[in-house]
Amino acid sequence: MNKSEIGIVGLGVMGRSLAKNVAGKGISISVYNRTTFTEQEVVADFLKANPSEFIQGFTQLEEFCESLSTPRKIILMVSAGSAVDHVINQIKPFLQGKDILIDGGNSHFKDTQRRLLQLKHENIHYLGCGVSGGEQGALHGPSMMVGGSLAVYSQVADIFEQIAAKDTTNLPCVTLVGPNGSGHFVKTVHNGIEYAEMQLLAECYAFLATYYSHNEIAAILKEWNKTALGSYLLEITQQILLKKEGDDFLLNKILDVAGAKGTGSWAAQSALELGVPATMILSAVAARAISQQKERRKKWSEEMKPSIQQDKIDPDMLRQAYQFARLINHHQGFELIQTASESYSWDVNLSELARIWTHGCIIKSKLMEKLVTILDEEESILQHSSVLRDWKKGENALHIILNQAFSLSIAIPCISSSYNYFISMTTHESPANLLQAQRDFFGAHGYRRTDHADDTLFSTKWNLDG
Ligand code: NBP
């Protein structure tokens, strides 16, 4: 057999699709999956279902590694966490200097930094690559965010560019984001933005469902999707609303307890660590955690019995509020990446990042296409004159929607978080002076004064009782 150009370890949902994508481009590939007591036939079944002259399958790592041309290029598509370390340790004995391991899973960026350093000592190259787009993206063209060195990335760039999604100008949606863990970091923030985008749509659905039927809501979202609000998530939400099982809508039968694999929490943790007010990601993560408290919500709702009135609501006001909140969500996500880029000296090109997120990923949207230009012209989304104009325009709609939602007892944490952020960021005199006084009162932490331009810290003996 000829040697394969690239290998994939892990024939799960993503590995299978990516392997088919690679072979479909006429690139020879070797695939490996472990055999366990319960799963003996994963590789054989894959080869049977996908006969191709470009695919070779293996159940032994040594044979798999021997089947690859050197320097080997191996994509790990296994669950994030200890499985990645486990696979690296298992495969290492069969690698040689300058071989390239690429972690294509959703690994934590600090794990990627650690693995990269460890493998460097053994002369094995390592790339951390965020892959977005889910199963369909992996199959037809994902958006790929690579972290690592340019010299190493150059060796796989040709293959990655062939398998990646293409943007409107036919450029591949893959880029070298920056060094070490930067690729996995931006993938984590991508997922954080995704969490908030999904939550915003869930809030719109909750709001509209107090007055409109599923068919009517789907029709409203379909109209929105034809405007500048168009996005992949809006498109699938509209389809979900119409899906029936028997006589009823499937959505009505799905338990309202949201799962999470952890990347949203990681994005939230990073925002907190870096001091970035990514309030919408935090709200979206909290909303999922609240959804998990099903029993308490059930019990307490019976005690509270909120009165939901069937007030007429204006979908166009909601559309404007949704548009406003999405701008803030994207602004906060890109601010988080910019801050990380400065803190870790990654030099991330935000406009290029927006470009590779215009196709092949879950948060692709018309807004993302607009952000490519906006982030090329301004460092911060909200600083752009066109965005500030749109932002201001949405304010009245926010007033109406927030008032109505609260009077209907509908929780809209992400939409309200966007408005709180807007008000806070456009308020010159904030009440943080009181926080400083309280800190000084109980902890003698000191405060700076408005009548002193320098950074001198003052402290007061506050306790009136002495
Ligand atoms: P799956 O759960 O479908 O597949 C996981 C793969 O990892 C399987 O092939 C499994 O082998 C293998 N594996 C595990 Br688990 N432990 C292993 C070990 N110790 N040694 C060798 N192989 C091991 O996950 P997936 O959805 O394909 O996701 C893979 C990665 O891509 C994850 O990091 C995920 O977060 C990320 N991701 C997923 C999506 C998505 O939409 N699903 C999107 C973007 C990124 P087995 O078959 O023997 O159990």
Side-chain angles (χ1 to χ4, degrees), residues 7-22 29-47 49-50 57-65 74-94 101-112 115 127-147 163-165 173-174 181 183-195 198 232-233 236 259-267 356-357 360-364:
I8 288 191
V9 172
L11 285 178
V13 175
M14 294 296 281
R16 275 198 306 268
S17 296
L18 211 55
K20 285 193 258 178
N21 180 349
V22 172
I29 180 162
S30 293
V31 298
Y32 163 89
N33 203 84
R34 65 177 177 179
T35 43
T36 59
F37 184 68
T38 49
E39 286 185 69
Q40 303 275 329
E41 305 296 332
V42 176
V43 174
D45 288 348
F46 178 77
L47 294 177
N50 303 285
F58 299 90
T59 54
Q60 299 297 322
L61 274 175
E62 185 169 9
E63 291 171 13
F64 166 76
C65 288
I74 300 170
I75 303 177
L76 309 179
M77 263 299 173
V78 300
S79 307
S82 58
V84 178
D85 291 308
H86 187 76
V87 171
I88 291 173
N89 286 333
Q90 279 190 323
I91 204 169
K92 253 183 348 191
F94 311 117
L101 285 181
I102 305 139
D103 177 9
N106 280 341
S107 289
H108 194 287
F109 79 103
K110 288 186 180 167
D111 281 337
T112 303
R115 290 171 186 140
L127 296 172
C129 177
V131 178
S132 179
E135 185 178 15
Q136 288 304 307
L139 182 61
H140 300 295
S143 169
M144 300 164 86
M145 300 135 243
V146 188
I163 63 172
C173 291
V174 54
H184 276 142
F185 182 86
V186 299
K187 175 61 177 23
T188 299
V189 180
H190 165 287
N191 287 18
I193 295 172
E194 177 185 306
Y195 266 54
M198 291 167 73
Y232 169 76
L233 282 170
I236 66 163
K261 288 263 169 86
T263 44
S265 306
W266 290 349
I356 68 161
W357 286 348
C361 75
I362 306 294
I363 58 172
K364 64 184 179 182

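Whatever order the structure lists ligands and atoms in, that order sets their numbers, starting from 1. Numbers here are sequence positions counted from 1. Since the structure is predicted, the reported quantities are computational estimates derived from the model, not experimental observations.
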### Heavy-atom check, side chain of D111 versus side chain of V84, under 4.5 Å
no

### Query
SG/C129 to CG/L76 distance, rounded to the nearest 0.5 angstrom?
11.0 Å

### Message
Tell me whether G12 has any N or O atom under 3.5 angstrom from an N or O of ligand 1.
### Response
yes

### Query
Closest non-hydrogen protein atom to atom 49 (O) of ligand 1, residue and atom name please, with distance?
R34 NH2, 3.0 Å

### Query
So between I362, N106, I8, whose heavy atom ends up nearest atom 36 (C) of ligand 1?
N106

#### Entry: Side chain H184, main chain G105, donor-acceptor under 3.5 Å
yes

### Task
Test M77 against every option in D103, L18, V31 by the side chain to side chain contact (heavy atoms under 4.5 Å, CB included) rule and name the one that passes.
L18

### Enumerated ligand 1 atoms positioned under 4.0 Å from heavy atoms of G10
9 (O)

#### Entry: Contact bool for atom 24 (O) of ligand 1 (protein heavy atom, d < 4.0 Å)
no

### Task
Number the atoms of ligand 1 from 1 as they appear, then name those within less than 4.0 Å of a heavy atom of A80, with their elements.
33 (O)

## Note on the structure
Ranked by distance from atom 15 (Br) of ligand 1, the top protein heavy atom is S79 OG, 3.1 Å

### Message
Return the closest protein heavy atom for atom 31 (O) of ligand 1 as residue, atom name and distance.
### Response
G105 CA, 3.7 Å

### Query
Judging by distance only, is a nitrogen or oxygen of V13 under 3.5 angstrom from one on ligand 1?
yes

### Message
Nearest 0.5 angstrom please: F109 CZ to K187 NZ, how far?
### Response
15.5 Å

### Query
Roughly how far apart are L47 CG and E41 CD, rounded to 0.5 Å?
11.0 Å

#### Entry: Proximity winner for atom 32 (C) of ligand 1, if only heavy atoms of I88, N191, V78 are counted
V78

### Task
Give the residue and atom name of whichever protein heavy atom lies nearest to atom 20 (N) of ligand 1, and the separation in Å to one decimal.
V87 CG2, 3.4 Å

### Query
Would you say V9 and F64 make side-chain contact, with heavy atoms under 4.5 Å?
yes

### Query
From W266 CH2 over to N106 CG, what is the distance, rounded to the nearest 0.5 angstrom?
7.0 Å

### Query
Can you tell me which residue and heavy atom of the protein come closest to atom 40 (C) of ligand 1, and the distance to 0.1 Å?
M14 SD, 3.7 Å

### Message
So, taking the atom named CD in E135 and the one named NZ in K20, what distance separates them when rounded to the nearest 0.5 Å?
### Response
7.0 Å

### ligand 1 versus L11: contacting region, heavy-atom distance under 4.0 Å
backbone

### N33 (side chain) donor-acceptor with V43 (main chain) under 3.5 angstrom
no

#### Entry: Shortest protein heavy-atom distance from atom 47 (O) of ligand 1, along with the residue and atom involved
N33 ND2, 3.3 Å

### Query
Atom OG of S143 and atom NZ of K364: how far apart are they, to the nearest 0.5 Å?
10.0 Å

### Message
So if I count the atoms of ligand 1 from 1 in the order they appear, which ones are less than 4.0 Å from some heavy atom of V131?
### Response
44 (C), 45 (C)

### Query
With respect to atom 16 (N) of ligand 1, which of C361, A83, G134 exhibits the smallest heavy-atom separation?
A83

#### Entry: Shortest protein heavy-atom distance from atom 6 (C) of ligand 1, along with the residue and atom involved
M77 O, 3.7 Å

### Query
At a non-hydrogen distance cut-off of under 4.0 Å, which region of H86 contacts ligand 1 (side chain, backbone, both, or neither)?
side chain

